[in-house]
Amino acid sequence: MAASYQLRDKDKYKFQIIAYERAADAVEHASSELKDLWDDGKLEDVPGIGPSIAEHLGELFKTGRSKHFDSLMKDIPTDAFKLMELPGIGIKTAMKMIKEGNPKEVRGKLKEIAEKEKKGKRHLLPYAAMVAHEVMEYLSENPATVHVDPLGSLRRQASTIGDIDIAVATNDPVAVIDYFTKYPKSQKIIEKGEHTASILLPGGIQVDLMIQPIESYGSLLQHFTGSKHHNIALRELALKKGLSLSEYGIKTIKNLKIKIKNFEDEKSFYNYLGLDYIEPELREDTGEIESAKEHKLPNLVELGEVKSDLQIHSSFDIETSHDLGESSMEEIIKKANELGYEYIAFTEHNPSQKGHNDSQTVEILKRKRENIDEINYSLKNRHVGSIQKVFNSLEIDILSDGSLPVPEQGLELLDFALVSIHSNFNLEKDLMTKRVLTALTHPKVRIFAHPTARKLNEREGVELNWPEIFDFCLKNNKWIEINCDPMRLDLPDNLVREAVKLGVKMTFGTDAHHKDGMNNITFGVSVARRGWCGARDIINTRSLKDFELLLKQF
DNA sequence: GCCGTTTTCGGCCCGACTGTTTTCAGTCG
C-alpha cells in the first residue's frame with residue numbers, strides 16, 4: 001500500500017506512506033499471527049495499526065478481499081513487488097522497468113530473484129560471524145585502523161543475519177575506505193563514498209563499512225548497531241527534548257549547525273538522553289526505551305551463569321529412532337568440565353519403535369541406566385572436574401496423537417524426559433496443541449524441546465496455541481527449551497519474551513551430537529537475552545542441589 | 001494514517017550514496 005501511495009503522489013501521501021510502512025513492519029514483528037489478533041479483537045493493540053488499517057484488515061479477513069486495498073493495487077503488477085526485492089530498486093524504478101524497459105531484461109531479473117529466494121537470503125549466525133571475523137582481521141592490518149567492530153544484526157545476535165555491518169574508527173577515512181574496497185575476496189564494489197562503502201562477497205554476502213573519527217566512535221557504534229526501529233524511536237524521543245541524533249553526535253534543533261556533543265562510548269550516549277544503557281540484544285524497539293527511561297531494564301542472563309547443558313546426544317548406542325551422537329559419554333563429560341558445568345543430561349533419542357518391542361526397549365534403557373549409575377558412582381568418588389552428576393534422560397518423539405513411543409517401564413528408568421516433534425509438522429493448530437499437551441502430561445516429561453520445530457531457512461515452525469502451552473507449563477512445572485543449535489534457535493526470541501512475561505521457565509539444550517556442539521550454548525544465551533531473560537528465567541543457572549529439588553516438584 | 005508525561009490537532013528520524021542532476025529524486029539502513 002505504501003508503494004501504491006508512493007506512485008500516486010509521493011508528497012501528498014507522504015505520511016500515509018510512512019504509516020503503511022510502519023504498520024507493515026509492526027505486522028512482521030508481531031509476536032502473534034495477525035489473524036489471531038483479529039479474532040480476539042486486538043488488532044488495534046498493535047502499535048502502528050490504527051482504526052483505518054484495522055478496518056481494511058478486518059474486511060480482508062472476513063471476505064478475503066479489501067475494497068480499499070484492491071482499488072489502490074489495481075494498477076501495480078505483482079512482478080513490480082518481485083523486482084523490489086533487488087537492492088537499489090524501489091517501486092518507481094520497478095514500474096519504469098516493466099513499462100519502458102526491455103522485457104527480456106525484466107524476465108532475467110525475475111529469474112535471478114527466484115533463485116535467490118531458493119537459496120535463502122539470510123545467513124546463519126555462526127557463518128556470518130566467521131565471515132565478519134575475516135574481514136575485520138583484514139581491516140585491522142591497515143595502519144590507519146584504530147578500532148574495528150562488528151555491528152548491526154550481528155552485534156544484536158539476531159538468529160539470522162542479512163548484511164554484515166562493520167565499523168572502523170580512524171583519522172584517515174579515505175585510506176581505510178580505499179583499502180576496504182580492495183578486500184581480496186570482494187566480487188563487486190556496491191558503493192563507495194566518504195563515510196561508507198559496501199562490497200559483495202562470494203555467496204551474495206554484502207559487507208557494509210562505516211567510518212568515523214575516534215572522538216565520535218560511540219555515536220557511530222550506536223547508530224550502526226541499530227536496529228533501524230530502535231534508532232527511529234530514539235530520535236523521536238530526542239526530538240521531544242529538542243535534540244537531533246545522528247551518527248555524528250547530538251545537535252540541538254534550534255541550531256543544527258552546532259554540534260553540541262560527541263560520544264566516545266555508547267553508555268554516555270544513552271545516559272545523555274536520560275536513559276539507562278541498553279544492551280544491543282534489546283535494541284528492537286519493543287519497549288526497551290520506555291524501560292530504560294524508568295530504570296526497569298532486566299538484568300540479562302550471562303554465559304558465566306550457566307551451570308548445565310540439558311540436551312546432549314552421546315554415542316552410547318541405544319538403537320535410536322534418529323541420529324546417534326558421535327562423542328562418548330566420557331568425552332562429553334570432559335568437555336562439560338572444560339565449560340565449568342555442575343551437571344548435564346544425556347538425552348539420546350528414544351530407541352526406534354520399528355526395530356524393538358516394548359520389552360526390548362526397556363532392556364536397552366536399563367543398560368543405559370546402569371551405565372549412568374556407574375558414571376555417577378565414580379564422579380562421587382573422584383573429584384576431578386566441576387561436574388558432579390550426569391542425568392539419565394531421553395529425547396522422546398511426540399507421536400501424532402500425543403502418545404510416547406516408550407513403554408511406562410522404560411519411562412520409570414529416567415530421571416526426566418524431553419519431548420519433541422519430529423514428524424507430522426502440518427497438523428492444524430488445535431490438534432497440534434492437544435498433541436503437545438498430551439505428551440507433556442506424563443510426570444516424567446519435564447521439557448518441551450525445540451518447541452516450534454523450525455529450521456532456519458528450511459522449515460517454518462509448527463502452529464501452536466502458545467498462550468495455552470505456556471499456561472499448561474506454568475501450572476504443571478514443565479519447562480520450555482531454548483535449543484541452542486544455530487539451525488534451530490528454538491524457542492524463537494519473540495516467544496521467549498512472552499514466556500518471560502508469564503513466568504514460564506526455560507532450559508538451555510545445545511542438542512550437541514558431538515562434544516564440540518556444546519560450544520553452541522552461546523547462541524542459546526543470545527536468544528535468551530534477546531527475549532529479556534534474567535538468570536531466574538533459566539533452569540540451567542540453578543545449582544545441582546536446586547535442580548534436583550525442582551525435579552521432585554510436580 | 002497514526003499517535004500523545006508539552007498535543008485528540010498538528011506533528012511525523014536522519015543522513016549517505018548513486019545517477020543523472022547543476023539542486024534533486026530514488027533508495028537504503
Side-chain angles (χ1 to χ4, degrees), chain A residues 1-27 43-57 68-69 72 83-97 151-156 158 161-167 173 177 181 188-199 206-212 216 219-220 222-251 253 256 259 273-274 283 285 289-290 293-294:
Chain A
M1 307 315 300
S4 169
Y5 277 123
Q6 209 168 337
L7 279 177
R8 255 148 242 269
D9 189 330
K10 184 172 83 75
D11 297 317
K12 186 176 164 194
Y13 296 116
K14 191 170 170 190
F15 298 112
Q16 275 87 345
I17 294 168
I18 294 173
Y20 270 101
E21 279 175 346
R22 287 197 161 192
D25 276 322
V27 169
L43 224 40
E44 283 187 56
D45 290 358
V46 179
I49 295 183
S52 178
I53 292 180
E55 199 191 316
H56 299 317
L57 286 171
H68 178 65
F69 292 172
L72 277 177
L83 288 172
M84 283 169 70
E85 286 171 34
L86 291 173
I89 295 180
I91 187 65
K92 299 216 169 173
T93 314
M95 288 300 279
K96 206 171 169 187
M97 283 169 73
L151 300 177
S153 49
L154 189 54
R155 180 155 181 244
R156 299 197 312 278
I161 311 292
D163 299 339
I164 289 172
D165 300 314
I166 294 173
I177 296 255
T181 56
K188 189 179 160 189
I189 298 168
I190 296 168
E191 60 181 42
K192 181 179 176 183
E194 271 178 77
H195 303 99
T196 69
S198 297
I199 56 172
Q206 184 176 328
V207 185
D208 300 335
L209 178 72
M210 240 194 197
I211 303 251
Q212 281 292 305
S216 46
S219 309
L220 178 69
Q222 196 289 317
H223 173 83
F224 216 6
T225 297
S227 68
K228 184 183 164 186
H229 295 290
H230 173 82
N231 282 352
I232 289 174
L234 212 56
R235 285 178 212 134
E236 281 173 352
L237 173 85
L239 260 188
K240 288 178 189 152
K241 294 176 189 276
L243 301 170
S244 172
L245 310 183
S246 77
E247 62 266 48
Y248 302 113
I250 298 182
K251 296 181 256 193
I253 293 170
L256 286 170
K259 182 156 63 174
L273 294 171
R283 299 183 197 170
D285 189 26
I289 293 173
E290 293 75 8
K293 213 184 292 174
E294 295 161 12

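Bear in mind the structure is a predicted one, so any value in this text is a computation, not a measurement. Throughout, protein chains are lettered first and strands after them, A, B, ... in sequence-line order, and every chain is numbered starting at 1.
You'll find that the side chain of A/K240 is closest to B/dT7, out of B/dT7, B/dT27, B/dG29. The A/K228 side chain lies nearest to B/dG29 when the options are B/dC17, B/dC12, B/dG29. For A/P47, the listed nucleotide lying nearest its side chain is B/dC3; candidates were B/dG1, B/dA16, B/dC3. If you check B/dC14, B/dG1, B/dT7 against the side chain of A/Y20, the one that comes closest is B/dG1. Here the side chain of A/H56 is nearest to one of B/dT18, B/dG1, B/dG15, namely B/dG1. Across B/dC2, B/dT27, B/dG29, the shortest atom-to-atom separation from the side chain of A/D208 is found for B/dG29. The side chain of A/Q16 lies closest to B/dG1 when the candidates are B/dG1, B/dA16, B/dC14.
Among the heavy atoms of the strands lying under 4.0 Å from A/G48 are primed sugar atoms or P, OP1, OP2 only; no base atom is included. No contact: A/I189 has no heavy atom under 4.0 Å from any strand. Contact annotation for A/I17: no contact, since no heavy-atom pair falls under 4.0 Å across all strands.
Atom CD1 in A/I53 sits roughly 4 Å away from atom P in B/dC2 (whole-Å rounding). In this entry the distance linking CD of A/E247 with C1' of B/dG15 reads 5 Å, nearest Å. Spacing between atom CD1 of A/I49 and atom C1' of B/dC3 amounts to 14 Å, rounded to whole angstrom units. Rounded to a whole Å, the CG atom of A/L209 is 15 Å from the P atom of B/dA16. Going from atom CD of A/E236 over to atom P of B/dT7 covers 17 Å, rounded to whole Å.
The phosphate of B/dC17 has OP1 or OP2 within less than 4.0 Å of a side-chain N or O from A/T196. Taking side-chain N and O atoms only, A/K251 has a distance below 4.0 Å to OP1 or OP2 of B/dG15. At least one side-chain nitrogen or oxygen of A/S52 sits closer than 4.0 Å to the OP1 or OP2 atom of B/dG1. Applying the 4.0 Å criterion to OP1 and OP2 of B/dG29, one finds that A/S227 has every side-chain N and O outside that range. Taking only side-chain nitrogens and oxygens, A/S244 comes nearer than 4.0 Å to OP1 or OP2 of B/dC14.
Here the separation of B/dT20 from B/dA25, taken at their C1' atoms, is 10 Å to the nearest Å. Of the P atoms belonging to B/dC12 and B/dC17, the separation is 25 Å, rounded to the nearest Å. Taking atom C1' in both B/dT8 and B/dC2, the straight-line distance is 12 Å, to the nearest Å. A gap of 26 Å separates the P atoms of B/dG1 and B/dT7, to the nearest Å. Separating the P atom of B/dT27 from that of B/dT21 is a span of 16 Å, rounded to the nearest Å.
Of all nucleotides present, none satisfies the Watson-Crick or G-U wobble test against B/dT8 with each distance under 3.5 Å.
We find that the ring of A/F15 and the base of B/dC2 do not stack by the test of centres under 5.5 angstrom and planes tilted less than 30°.
Other residues, nucleotides and ligands place more than 12 heavy atoms under 6.0 Å from the CD atom of A/E236.
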